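Note sheet for the following structure.
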Amino acid sequence: MEPNKNPEVSPFTKFCLVSLSPLTAQRSPGMPMDIDSPFSMPENSVYNNQQRFGIFDPGSAIQGKKFACKCRKTYCLKLYCDCFANGEYCIGCGCMECKNIPECESERRISITQVMERNPEAFHRTQPVITKTCNCKRSGCRKKYCECFSSGLGCNSSCKCEGCLNTG
DNA sequence: GAGTTTGAAACT
DNA sequence: CAGTTTCAAACTC
(Lines give C-alpha, C1' and ligand atoms only; values in the text may rest on other atoms or scores of the structure.)
Protein backbone atom coordinates (compact mmCIF):
# COMPACT_ATOMS: atom_id res chain seq x y z
CA MET A 1 0.00 0.00 0.00
CA GLU A 2 1.70 3.10 -1.18
CA PRO A 3 1.46 6.21 0.93
CA ASN A 4 -1.22 8.42 -0.46
CA LYS A 5 -1.08 12.06 0.54
CA ASN A 6 -4.45 12.81 -0.94
CA PRO A 7 -6.71 9.76 -0.79
CA GLU A 8 -9.62 11.63 -2.34
CA VAL A 9 -7.84 12.02 -5.67
CA SER A 10 -6.99 8.79 -7.41
CA PRO A 11 -3.96 8.41 -9.69
CA PHE A 12 -6.37 8.20 -12.60
CA THR A 13 -7.94 11.48 -11.57
CA LYS A 14 -4.51 13.05 -11.35
CA PHE A 15 -3.69 11.74 -14.79
CA CYS A 16 -6.87 13.23 -16.16
CA LEU A 17 -6.28 16.55 -14.47
CA VAL A 18 -3.06 16.83 -16.39
CA SER A 19 -4.20 15.33 -19.65
CA LEU A 20 -7.33 17.48 -19.68
CA SER A 21 -5.29 20.63 -19.60
CA PRO A 22 -4.36 21.13 -23.23
CA LEU A 23 -1.83 23.83 -22.57
CA THR A 24 -0.54 23.00 -19.14
CA ALA A 25 0.03 19.43 -20.19
CA GLN A 26 2.84 20.69 -22.35
CA ARG A 27 4.49 22.55 -19.50
CA SER A 28 6.10 21.51 -16.30
CA PRO A 29 3.76 21.85 -13.34
CA GLY A 30 4.02 25.28 -11.83
CA MET A 31 5.73 26.70 -14.86
CA PRO A 32 4.64 30.30 -15.30
CA MET A 33 2.42 31.24 -18.16
CA ASP A 34 4.06 32.42 -21.30
CA ILE A 35 4.04 36.20 -21.19
CA ASP A 36 3.12 36.38 -24.83
CA SER A 37 0.33 33.91 -24.41
CA PRO A 38 -3.19 35.19 -24.89
CA PHE A 39 -3.80 33.64 -21.46
CA SER A 40 -1.72 36.02 -19.43
CA MET A 41 -4.31 37.36 -17.03
CA PRO A 42 -3.90 36.66 -13.33
CA GLU A 43 -5.38 33.45 -12.08
CA ASN A 44 -8.96 33.52 -10.79
CA SER A 45 -9.82 36.54 -12.84
CA VAL A 46 -13.32 36.57 -14.19
CA TYR A 47 -14.01 37.96 -17.56
CA ASN A 48 -16.21 37.84 -20.57
CA ASN A 49 -14.64 35.59 -23.15
CA GLN A 50 -15.80 37.91 -25.90
CA GLN A 51 -13.86 40.77 -24.37
CA ARG A 52 -10.62 38.97 -24.99
CA PHE A 53 -11.24 37.15 -28.21
CA GLY A 54 -13.64 39.54 -29.88
CA ILE A 55 -17.19 38.98 -30.95
CA PHE A 56 -18.14 35.35 -31.02
CA ASP A 57 -18.18 34.06 -34.55
CA PRO A 58 -19.01 30.37 -34.70
CA GLY A 59 -18.08 30.29 -38.33
CA SER A 60 -14.53 31.44 -38.04
CA ALA A 61 -13.50 31.99 -34.44
CA ILE A 62 -12.55 28.46 -33.62
CA GLN A 63 -9.23 27.45 -35.01
CA GLY A 64 -8.24 23.86 -34.37
CA LYS A 65 -11.01 23.63 -31.81
CA LYS A 66 -14.10 21.51 -32.11
CA PHE A 67 -16.39 23.31 -29.70
CA ALA A 68 -17.66 26.81 -29.16
CA CYS A 69 -19.93 27.28 -26.20
CA LYS A 70 -22.13 30.13 -25.07
CA CYS A 71 -22.40 29.26 -21.40
CA ARG A 72 -23.59 32.04 -19.11
CA LYS A 73 -24.00 30.69 -15.59
CA THR A 74 -21.71 27.74 -15.11
CA TYR A 75 -18.37 29.46 -15.66
CA CYS A 76 -17.83 26.69 -18.20
CA LEU A 77 -16.87 24.42 -15.33
CA LYS A 78 -19.74 21.97 -15.63
CA LEU A 79 -20.44 19.26 -18.14
CA TYR A 80 -23.11 21.48 -19.62
CA CYS A 81 -20.19 23.15 -21.33
CA ASP A 82 -19.13 21.23 -24.41
CA CYS A 83 -15.63 22.64 -24.24
CA PHE A 84 -15.15 21.59 -20.63
CA ALA A 85 -16.79 18.22 -21.21
CA ASN A 86 -14.34 17.50 -23.97
CA GLY A 87 -11.29 18.60 -22.08
CA GLU A 88 -10.84 21.76 -24.10
CA TYR A 89 -10.21 25.25 -22.90
CA CYS A 90 -12.69 27.85 -24.03
CA ILE A 91 -11.03 29.73 -26.83
CA GLY A 92 -13.01 32.11 -28.95
CA CYS A 93 -16.28 30.97 -27.45
CA GLY A 94 -19.25 33.18 -26.73
CA CYS A 95 -19.32 32.33 -23.05
CA MET A 96 -19.61 34.72 -20.13
CA GLU A 97 -17.47 34.79 -16.98
CA CYS A 98 -15.56 31.80 -18.26
CA LYS A 99 -13.23 29.96 -15.94
CA ASN A 100 -12.40 27.16 -18.31
CA ILE A 101 -9.16 28.91 -19.08
CA PRO A 102 -5.55 28.41 -18.05
CA GLU A 103 -5.44 31.30 -15.62
CA CYS A 104 -8.29 29.75 -13.68
CA GLU A 105 -6.60 26.36 -13.76
CA SER A 106 -6.89 25.79 -10.02
CA GLU A 107 -10.64 26.29 -10.03
CA ARG A 108 -10.88 24.31 -13.22
CA ARG A 109 -9.05 21.39 -11.66
CA ILE A 110 -11.27 21.45 -8.63
CA SER A 111 -14.28 21.23 -10.90
CA ILE A 112 -12.75 18.41 -12.93
CA THR A 113 -12.10 16.53 -9.74
CA GLN A 114 -15.68 17.02 -8.60
CA VAL A 115 -17.04 15.83 -11.92
CA MET A 116 -14.84 12.77 -11.86
CA GLU A 117 -15.82 11.92 -8.33
CA ARG A 118 -19.38 11.88 -9.59
CA ASN A 119 -18.54 9.96 -12.73
CA PRO A 120 -15.01 8.67 -13.36
CA GLU A 121 -15.94 8.10 -16.99
CA ALA A 122 -17.01 11.69 -17.53
CA PHE A 123 -13.88 12.57 -19.45
CA HIS A 124 -13.68 9.54 -21.69
CA ARG A 125 -10.39 10.41 -23.21
CA THR A 126 -8.48 7.20 -22.90
CA GLN A 127 -10.71 5.27 -25.26
CA PRO A 128 -12.99 6.18 -28.14
CA VAL A 129 -16.66 6.38 -27.46
CA ILE A 130 -18.42 3.75 -29.51
CA THR A 131 -21.75 3.75 -27.73
CA LYS A 132 -23.87 6.33 -26.02
CA THR A 133 -27.03 6.08 -24.07
CA CYS A 134 -29.98 8.42 -23.82
CA ASN A 135 -33.18 8.90 -21.89
CA CYS A 136 -35.16 10.78 -24.49
CA LYS A 137 -38.89 10.96 -24.10
CA ARG A 138 -40.24 13.33 -26.69
CA SER A 139 -37.77 13.71 -29.48
CA GLY A 140 -38.08 10.18 -30.80
CA CYS A 141 -34.29 10.18 -30.67
CA ARG A 142 -34.34 11.80 -34.08
CA LYS A 143 -33.21 15.23 -33.09
CA LYS A 144 -29.94 16.48 -31.81
CA TYR A 145 -31.35 16.68 -28.33
CA CYS A 146 -30.64 12.95 -28.36
CA GLU A 147 -27.03 12.22 -27.56
CA CYS A 148 -27.07 9.03 -29.60
CA PHE A 149 -28.53 10.73 -32.64
CA SER A 150 -26.29 13.76 -32.35
CA SER A 151 -23.29 11.45 -32.27
CA GLY A 152 -24.48 9.65 -35.37
CA LEU A 153 -25.16 6.52 -33.38
CA GLY A 154 -28.21 4.37 -33.13
CA CYS A 155 -29.82 3.83 -29.78
CA ASN A 156 -29.04 0.59 -28.04
CA SER A 157 -30.36 -1.68 -25.34
CA SER A 158 -28.79 0.46 -22.65
CA CYS A 159 -30.89 3.45 -23.63
CA LYS A 160 -34.01 4.22 -21.66
CA CYS A 161 -35.65 6.28 -24.35
CA GLU A 162 -39.36 6.25 -25.11
CA GLY A 163 -40.81 6.12 -28.60
CA CYS A 164 -37.38 5.65 -30.10
CA LEU A 165 -37.08 6.01 -33.88
CA ASN A 166 -33.31 5.88 -33.86
CA THR A 167 -32.91 2.15 -33.93
CA GLY A 168 -30.28 1.86 -36.48
C1' DG B 1 -33.84 37.57 -32.77
C1' DA B 2 -37.04 35.95 -29.23
C1' DG B 3 -39.22 32.43 -27.20
C1' DT B 4 -39.96 27.43 -26.55
C1' DT B 5 -38.62 22.68 -26.11
C1' DT B 6 -35.59 19.23 -24.82
C1' DG B 7 -32.85 16.04 -22.11
C1' DA B 8 -28.28 15.85 -19.70
C1' DA B 9 -26.23 17.36 -15.60
C1' DA B 10 -26.66 18.84 -11.12
C1' DC B 11 -28.94 19.10 -7.01
C1' DT B 12 -32.04 17.72 -3.00
C1' DC C 1 -32.13 6.07 -5.70
C1' DA C 2 -35.98 9.04 -7.35
C1' DG C 3 -37.77 13.39 -8.09
C1' DT C 4 -36.85 18.13 -9.09
C1' DT C 5 -34.28 22.00 -10.76
C1' DT C 6 -30.90 24.13 -13.62
C1' DC C 7 -28.67 24.64 -17.70
C1' DA C 8 -27.27 25.37 -22.52
C1' DA C 9 -28.23 23.64 -27.00
C1' DA C 10 -31.60 22.59 -30.44
C1' DC C 11 -35.42 23.99 -32.40
C1' DT C 12 -39.56 26.84 -33.85
C1' DC C 13 -41.83 30.89 -34.95
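Proteins get letters first, then strands, A, B, ... in listed order; numbering begins at 1 in each. The model shown is predicted, which means the values in this text are computed figures rather than measured ones. Just the heavy atoms: all of them, side chains too, but no hydrogens, waters or symmetry mates, feed the values below.
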If you check the [X] side chain, which of [options] turns out closest?
X       : options                  : value
K73(A)  : dA10(B), dA8(C), dA10(C) : dA8(C)
C71(A)  : dC11(C), dG7(B), dA9(C)  : dA9(C)
N135(A) : dG7(B), dC7(C), dA8(B)   : dA8(B)
K144(A) : dA10(C), dA9(C), dT12(C) : dA10(C)
R118(A) : dA9(B), dA9(C), dC11(B)  : dC11(B)

R142(A) and N166(A) side chains, donor-acceptor separation under 3.5 Å
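Absent: no donor and acceptor within the cut-off.
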May I ask you to check whether Y75(A) and Y80(A) place their ring centers less than 6.0 Å from one another?
no
[N], OP1 or OP2 - any side-chain N/O from [X] closer than 4.0 Å?
X       : N       : answer
K70(A)  : dC7(C)  : no
S150(A) : dA10(C) : no
S139(A) : dG7(B)  : yes

I need the minimum non-hydrogen distance between C81(A) and C76(A), along with the two atoms involved.
SG-CB, 3.7 Å
Distance-minimising heavy-atom pair for L77(A) and R108(A):
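Minimum heavy-atom contact is CD2-CA, 3.7 Å.
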To the nearest Å, how far apart are [X] [atom1] and [N] [atom2]?
X       : N       : atom1 : atom2 : answer
D82(A)  : dA10(C) : CG    : P     : 7 Å
F123(A) : dA9(B)  : CZ    : P     : 11 Å
L79(A)  : dT6(C)  : CG    : P     : 18 Å
N119(A) : dC1(C)  : CG    : P     : 14 Å
Y75(A)  : dC7(C)  : OH    : P     : 10 Å
F84(A)  : dA10(B) : CZ    : P     : 8 Å
Y80(A)  : dA8(B)  : OH    : P     : 12 Å
K78(A)  : dC7(C)  : NZ    : C1'   : 11 Å

Residue of the set C83(A), C69(A), C90(A) for which side-chain contact (heavy atoms from CB on, under 4.5 Å) holds with C98(A)
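When C83(A), C69(A), C90(A) are each tested with C98(A), the side-chain contact (heavy atoms from CB on, under 4.5 Å) holds only for C90(A).
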Look up atom CE in M96(A) and atom OG1 in T74(A), then write down how far apart they are to the nearest 0.5 Å.
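Interatomic distance, M96(A) CE to T74(A) OG1, rounded to 0.5 Å: 12.5 Å.
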Nearest 0.5 angstrom please: F149(A) CZ to C161(A) SG, how far?
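Taking CZ in F149(A) and SG in C161(A), the distance rounds to 13.0 Å.
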Angle separating the five-pair end axes of the helix from dG1(B)-dC13(C) to dT12(B)-dA2(C), nearest 10°, is 10°
Is C134(A) touching bases, backbone alone, or none of the nucleic acid, heavy atoms closer than 4.0 Å?
sugar-phosphate
